[in-house]
Amino acid sequence: MLVIAHRGASAELPENTLPAFERAIELGADYVELDVHADAEGRLVVAHGRPRPGRDYPSLEEAPDLMRGRLGVLVELKTPARYRRRDVVARTVRLLSADDVLICFQRPPLEEARALSPSLRTVQHVGYGVSIRAARDAWAAGFSNSRVTRRGITAALRLGLVPLVYTVNDEERMQELAAAGVAGLFTDRPERALRLFRAAARP
């Protein structure tokens, strides 16, 4: 089971911050997921909501640098069409390493990213205007915890997609999803998932 620290170890520390990412590394997560917007000056910044003036945000340059070589990074493009004039997709792709992964709810930004970097792994979130079949060119399909079904997981696997589910913090639910064939979980509580799945993997 891939353990993906959702916006870092965000149950312990403020989300999408360098300390939350550092804590996820300390815990032993497989990946950190972070969100990217363009701010008013056009800088690519790490934030879940639209950046507000006067707030201090990590830049997309510094956040992956903190984690590179220590764990994987999943970068989610938030409403990239809003920032089309800022060339957000191409600029983000240039900042990603070979081990990083790009995520989006919309399909066109991921198609653009794969055209720019054919080896780039992508996660297509499905169920919100994008079908599982429409995600077939991605590496993985992302399902909402409240909407994922066994049928959807099976369909993803048949298409060769890695099924991931967001955002799961309950341990019983984590075990249910694992039994259903889910390969990775986004969680605000990576320590819980690690305790469950790493302990189970030990002989």
Side-chain angles (χ1 to χ4, degrees), residues 2 4-25 29-126 128-130 135 137-142 144 164 166-167 184 186-188 190:
L2 294 174
I4 304 163
H6 181 241
R7 307 175 196 164
S10 54
E12 291 186 50
L13 293 160
E15 65 179 32
N16 279 321
T17 61
L18 299 184
F21 302 153
E22 188 68 55
R23 179 59 178 151
I25 295 168
D30 297 300
Y31 288 91
V32 157
E33 181 265 355
L34 56 84
D35 304 310
V36 173
H37 287 266
D39 68 9
E41 286 73 44
R43 296 184 313 133
L44 298 179
V45 297
V46 178
H48 179 253
R50 192 169 186 171
R52 297 180 181 178
R55 298 281 184 92
D56 188 27
Y57 300 100
S59 71
L60 186 56
E61 289 85 358
E62 64 183 320
D65 278 350
L66 173 73
M67 295 175 273
R68 196 146 286 139
R70 305 170 77 190
L71 84 174
V73 182
L74 279 74
V75 175
E76 181 175 340
L77 293 172
K78 305 299 286 189
T79 57
R82 179 187 293 162
Y83 311 114
R84 191 174 287 114
R85 68 188 180 90
R86 301 292 191 182
D87 203 20
V88 167
V89 175
R91 290 169 61 206
T92 298
V93 168
R94 286 196 292 270
L95 290 170
L96 299 182
S97 76
D99 297 325
D100 297 336
V101 183
L102 193 65
I103 314 173
C104 198
F105 276 88
Q106 296 81 41
R107 186 179 177 189
L110 295 182
E111 292 176 334
E112 179 184 347
R114 289 191 294 264
L116 292 166
S117 178
S119 63
L120 178 67
R121 289 182 298 163
T122 59
V123 178
Q124 175 69 69
H125 284 322
V126 298
Y128 293 90
V130 179
D137 294 324
W139 166 66
S144 167
L164 308 176
Y166 62 93
T167 301
F186 295 75
T187 178
D188 303 322

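Values in this document were obtained by computation on a predicted structure and should not be read as measured data. Here, residue 1 is the first one in the sequence, and each next residue gets the next number.
The side-chain heavy atoms of L95 and R91, taken from C-beta on, include no pair separated by under 4.5 Å. Between T122 and E111, the closest side-chain pair of non-hydrogen atoms is not below 4.5 Å. Looking at heavy atoms from C-beta onward, F21 lies in side-chain contact with N16 at the 4.5 angstrom threshold. A heavy-atom distance below 4.5 Å is not found between the side chains of Y31 and L164. With contacts defined as side-chain heavy-atom distances shorter than 4.5 Å, the pair L60/L34 qualifies.
In this structure, V45 and P51 approach most closely via the heavy-atom pair CG2-CG, 3.6 Å. Residue P80 comes nearest to L77 through the heavy atom pair CD-O, 3.8 Å, listed as atom of the first residue, atom of the second, then distance. Here the closest heavy-atom approach between residue A24 and residue V32 is recorded as CB-CG2, 3.6 Å. Scanning all heavy atoms of the two residues, the minimum distance from S10 to E15 falls at CB-CB, 3.8 Å. Closest non-hydrogen pair, P58 versus T17, comes out as CG-CA, 4.2 Å. Minimum heavy-atom separation, L66 to E22: CD1-OE1, 3.2 Å.
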- Task: Mind running side chain to side chain contact (heavy atoms under 4.5 Å, CB included) on V46 and V75 for me, showing each step along the way?
- Result: CA-CA 9 Å; V46 178; V75 175; over 6 Å; no
- Test side chain to side chain contact (heavy atoms under 4.5 Å, CB included) on E76 and V123 and set out the steps. CA-CA 9 Å; E76 181 175 340; V123 178; over 6 Å; no
- Could you go through the side chain to side chain contact (heavy atoms under 4.5 Å, CB included) check for V130 and F105 one step at a time? CA-CA 8 Å; V130 179; F105 276 88; over 6 Å; no
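Rounding to the nearest 0.5 Å gives a distance of 8.0 Å between CG of D30 and CG of L71. The distance from the CG atom of L44 to the OG1 atom of T92 is 4.5 Å, given to the nearest 0.5 Å. One finds the CG atom of L110 at 5.0 Å from the CD atom of Q124 (value rounded to the nearest 0.5 Å). Note: I103 CD1 to F186 CZ = 4.0 Å, rounded to the nearest 0.5 Å. Expressed to the nearest 0.5 Å, how far NZ of K78 lies from SG of C104 amounts to 8.5 Å. Remark: R94 CZ to S117 OG distance equals 12.0 Å, nearest 0.5 Å.
No more than 12 heavy-atom neighbours from other residues, nucleotides or ligands sit within 6.0 angstrom of CZ on R84.
The residues R68 and D99 are annotated as not salt-bridged, no charged nitrogen and carboxylate oxygen being separated by less than 4.0 angstrom.
Among residues at least two apart or in separate chains, there is no ring pair (Phe, Tyr, Trp, His ring centres under 6.0 Å) pair with a member in residues 48-79. Applying the salt bridge (charged side-chain N to carboxylate O under 4.0 Å, His left out) test to every pair with at least one member in residues 31-42, sequence neighbours left out, gives these pairs: R7-D35, D39-R43.
Not one N or O on the side chain of R107 forms a donor-acceptor pair closer than 3.5 Å with the backbone of A135.
Looking at residues two or more places apart in sequence or on another chain, you find a ring pair (Phe, Tyr, Trp, His ring centres under 6.0 Å) between Y83 and H37.
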